[in-house]
2 protein chains.
Amino acid sequence: MELNARKKKILEVIIRDYINTAEPVGSRTLSKRCNLGISPATIRNEMADLEDLGYLVQPHTSSGRIPTQQAYRYYVDEIMEVQKLEKMIRTDIHRGFLDHNTELGPTMSHTAQVLSQLTNYTAVVLAPRVTNFNCKHVQIVSLIKNRVLMVVVTQEGMAKNIEVTLSQEVDTILALKLSNVINGFLKNTILSEMSSDLIDQIQELTPEESKLVHEIIPHLKKALVEDASEVHSTGLTNLFNYPEFSDVNKIKQLINIVQEKQVLSEMMTSSDGNRVIRIKIGSENDNENLKDFSIITSTYELDGEMMGAFGVIGPTRMNYDNVSSVLNYIRNELNLHISNLLMK
Amino acid sequence: MELNARKKKILEVIIRDYINTAEPVGSRTLSKRCNLGISPATIRNEMADLEDLGYLVQPHTSSGRIPTQQAYRYYVDEIMEVQKLEKMIRTDIHRGFLDHNTELGPTMSHTAQVLSQLTNYTAVVLAPRVTNFNCKHVQIVSLIKNRVLMVVVTQEGMAKNIEVTLSQEVDTILALKLSNVINGFLKNTILSEMSSDLIDQIQELTPEESKLVHEIIPHLKKALVEDASEVHSTGLTNLFNYPEFSDVNKIKQLINIVQEKQVLSEMMTSSDGNRVIRIKIGSENDNENLKDFSIITSTYELDGEMMGAFGVIGPTRMNYDNVSSVLNYIRNELNLHISNLLMK
DNA sequence: GTTAGCACTCGATTATCGTGAGTGCTAATA
DNA sequence: TATTAGCACTCACGATAATCGAGTGCTAAC
């Protein structure tokens, strides 16, 4: 659906204005703001057209108009151009990362911090996941009696704990032996392909030990499949300052979103036509709680493999320009630092 | 400050009523509710006295009265009697715990869940801490190049990860050796007393290895001292249903409290005259954000050692009776299950 | 096609006025 | 002397009305 240049310009100004003020914008205010030399009356006609086309609505007969979701979508697709961040801000961010890239956890929370600070919305960051495929090494540590800790280490050097209770007592020495057996396996095959048959072929195990390995492997598989990434979120209260969030119900929705980490995680990692910056506006979101919000996300990578995701949740009246610029730059920074961090 | 029986009774009824309704209570309503055969006029006189004594205030000249913080304190200390929970609820809780006591993490979140459900307030649970004193075993796991993971295991069978970057590359074999050295130490001494001198006395180390041990020990000590317990919280949105939380600022305060995990953790573990159930009302809380809330906490133990804490945050107009009963029972359950869980 | 002019709409703000639940005080009562 | 009935008074709250003003759509002139 193409709009002529003037309609496009008018729509742009309306959206920009509404994003800033959250007030319906009327023809008079508009004619002052955009210097097209058009009178309010003309603008009214154009606005009526834009309303017919589904880009604007009037909250009340005698008030200005506000953009619809369709308008935001049009804005994002056809009007907005993602700017490079200001140099000063870029260097600030860069320095910040340098100060926080010693460990993975702190880097993640720092990212969330920076995101929410720069955008004034709520930020969410997903840490890298540990999966079947990148599992390099498993260390079994005896905890107490028949409880053990399985530490899974990935090729990238991330670690994850899995605690289980086994049928027999496991002491330090046995734990070491079990670790060695499993790691012997991992040299040749990935975890998800470790079958019962393969385990039975191991020579050096006593029947008891073999039984333990049979117990351990499914636990490992299950934990790595089920595992949701760690989710860091910040700036929940940022949104409270916007007038649309004076409603307690909206706040409830937001809190529910941030707490449903599993859902959040799936949503953010589902690929969307390989776009670098993914924008979901209002009801474009599948999640019921997100219908009144917009969410902009991106991902970070290591060696071309997607490691995790991060993004920003805000009102549909979101500053899409700024957020896109910020995500874009943070993405680069993250790619850089994560590779330094994990592979160095 | 002693009150005569009638004043005490009147104060009690007022508090109970206000806790239920959040409405100022007047003399007429009151005379119907408490069957003391006293006329509203008499009650008015008594109420005026109670106001002079600081137990009641009037929001407006011509409205009923509401209890002050001092009144709640009096109620909690002198009036309230903690009841045993109903048998049905007790068995419900007990069964719930049986279904969730396989691992420490799930038990903690389950506790938070149950607490917030039974009280309709916001629940907070602190998981057991790993400290210098209960550290039994350290396993060093090579991550990648010069990054290692230190897994600290406590006497009770809990584990904690600490990730560090060292000055030299550490492979699997070296990691094992370093683990053995440190564990040899731990047989005789606690971590905080491991000095440089002691390390230097170890025979079997090459200079490089010795250097690594010198790097590792401070990291361990630091992590165990700084470590705040894991904090589980649930039912944040429970409070939104109470009229006093229609104000967005109160909600902000609440969220800030729950997010300042460090503060929360310190507050809940600071002993308070060895009371089993600790009640802090409004400004009795040191934390600025908590001034408008009440918080009731308790602790759970293992072999007489305090392991962690749990509690409930709500309005000052909190149902102190019910919450106390619930905490009391949950405390017993937790003591029971934690010991099964960790020592079994 | 654009614009000035005009009547009209309607949400928001302010003002006014009862209503009623509550109070404090006083005088009568047990 | 403690209690109570009676009464005048207070004040938040809700409903109703009046005003305001930013905004609209329509028509006619440019």
Side-chain angles (χ1 to χ4, degrees), chain A residues 2-11 13-18 20-68 71 243-244 246-247, chain B residues 2-11 13-18 20-68 71 243-244 246-247:
Chain A
E2 254 322 311
L3 299 180
N4 66 43
R6 194 170 68 184
K7 280 203 176 56
K8 194 166 165 181
K9 183 69 188 164
I10 290 176
L11 185 56
V13 179
I14 293 175
I15 293 177
R16 287 251 165 80
D17 196 74
Y18 186 70
N20 280 328
T21 64
E23 299 281 322
V25 359
S27 55
R28 162 163 295 168
T29 347
L30 198 53
S31 84
K32 284 178 202 153
R33 206 149 318 200
C34 81
N35 305 325
L36 288 177
I38 324 178
S39 79
T42 316
I43 294 181
R44 276 204 288 284
N45 290 330
E46 296 286 37
M47 284 169 93
D49 289 352
L50 285 168
E51 182 165 357
D52 288 342
L53 292 169
Y55 292 104
L56 298 176
V57 281
Q58 286 180 286
H60 327 287
T61 322
S62 72
S63 82
R65 280 155 167 116
I66 62 176
T68 60
E244 41 266 84
S246 50
D247 177 15
Chain B
E2 254 322 311
L3 300 180
N4 67 42
R6 192 169 69 185
K7 282 203 176 57
K8 195 168 166 181
K9 182 70 188 164
I10 290 176
L11 185 57
V13 180
I14 294 175
I15 293 176
R16 287 251 164 80
D17 196 74
Y18 186 70
N20 280 329
T21 64
E23 299 281 320
V25 0
S27 56
R28 162 161 294 167
T29 348
L30 197 53
S31 84
K32 285 178 201 150
R33 208 151 317 199
C34 82
N35 306 325
L36 287 176
I38 323 177
S39 81
T42 315
I43 293 181
R44 275 205 289 283
N45 289 330
E46 295 286 36
M47 283 169 93
D49 289 353
L50 284 169
E51 181 164 357
D52 287 343
L53 292 169
Y55 292 105
L56 299 176
V57 282
Q58 286 180 286
H60 327 286
T61 322
S62 72
S63 80
R65 279 155 167 114
I66 62 176
T68 61
E244 41 267 83
S246 49
D247 177 15

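Reminder, nothing fancy here: chain letters follow the sequence lines and each chain counts from 1.
- Once rounded to the nearest 0.5 Å, the distance linking CD1 of A:I10 with CD1 of A:I38 reads 5.0 Å.
- Checked against salt bridge (charged side-chain N to carboxylate O under 4.0 Å, His left out), B:D247 has no partners two or more places apart in sequence or in another chain.
- Extent of DNA chain C lying under 4.0 Å from chain A heavy atoms, first and last nucleotide in 5' to 3' order, is C:dT2 to C:dG11.
- Annotation for B:P59 and B:S63: closest pair CD-OG, 3.3 Å, computed over non-hydrogen atoms.
- Residue B:R6 holds its CZ atom at 8.5 Å from CD1 of B:I43, rounded to the nearest 0.5 Å.
- Taking a pair as Watson-Crick or G-U with both hydrogen-bonding distances under 3.5 Å, the stems of three or more pairs touching DNA chain C are C:1-30 with D:1-30.
- A heavy-atom distance below 4.5 Å is not found between the side chains of B:D17 and B:L30.
- When the side-chain nitrogen and oxygen atoms of B:T61 are compared with OP1 and OP2 of D:dC11, one or more of them lie within a distance under 4.0 Å.
- For residues 20-30 of chain B, the set of pairs meeting the side-chain hydrogen bond (donor to acceptor under 3.5 Å, both in side chains) definition, not counting sequence neighbours, comprises B:S27-B:R44.
- Looking at every heavy atom in both residues, B:P243 comes nearest to B:S246 through O-OG, 2.9 Å.
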Discussion item. So if I define the base as every atom that isn't primed, P, OP1 or OP2, how would nucleotides 13-21 of chain D read as a B/S/- string at a heavy-atom cutoff under 4.0 Å?
Written reply: ---------
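- Residues satisfying the side chain to side chain contact (heavy atoms under 4.5 Å, CB included) criterion with A:S39, sequence neighbours excluded, are A:A41, A:T42.
- By the 4.5 Å heavy-atom criterion applied to side chains, B:Y55 and B:L3 are counted as neighbours.
- The CG-P distance, from A:L56 to D:dG23, rounds to 14 Å in whole Å.
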What are the atom names and distances for every N/O pair under 3.5 Å that joins the protein to nucleotides 2-4 of chain D?
residue: D:dT3; atom: OP1; partner: B:R6; partner atom: NH1; Å: 2.7
residue: D:dT3; atom: OP2; partner: B:R6; partner atom: NH2; Å: 3.1
residue: D:dT4; atom: OP2; partner: B:S39; partner atom: N; Å: 3.2
residue: D:dT4; atom: OP2; partner: B:S39; partner atom: OG; Å: 3.4
residue: D:dT4; atom: OP2; partner: B:T42; partner atom: OG1; Å: 2.2
residue: D:dT4; atom: O5'; partner: B:S39; partner atom: OG; Å: 3.4

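- Of the options B:I66, B:L11, B:T68, a side chain to side chain contact (heavy atoms under 4.5 Å, CB included) to B:L56 is made by B:L11 and by none of the others.
- Annotation for A:I15 and A:A71: closest pair CD1-O, 3.6 Å, computed over non-hydrogen atoms.
- A:Q58 pairs by the side chain to side chain donor-acceptor pair (under 3.5 Å) definition with nothing, not counting sequence neighbours.
- B:A48 is linked by a side chain to side chain contact (heavy atoms under 4.5 Å, CB included) to B:R65, counting only residues two or more places apart in sequence or in another chain.
- Under the rule for a side chain to side chain contact (heavy atoms under 4.5 Å, CB included), B:S62 has no partner lying at least two apart in sequence or in another chain.
- The salt bridge (charged side-chain N to carboxylate O under 4.0 Å, His left out) test applied to B:K7 returns B:E46, B:D49, not counting sequence neighbours.
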Taking only nitrogen or oxygen atoms into account, show me every contact under 3.5 Å that the protein makes with nucleotides 28-30 of chain D, one pair per line with its distance.
none

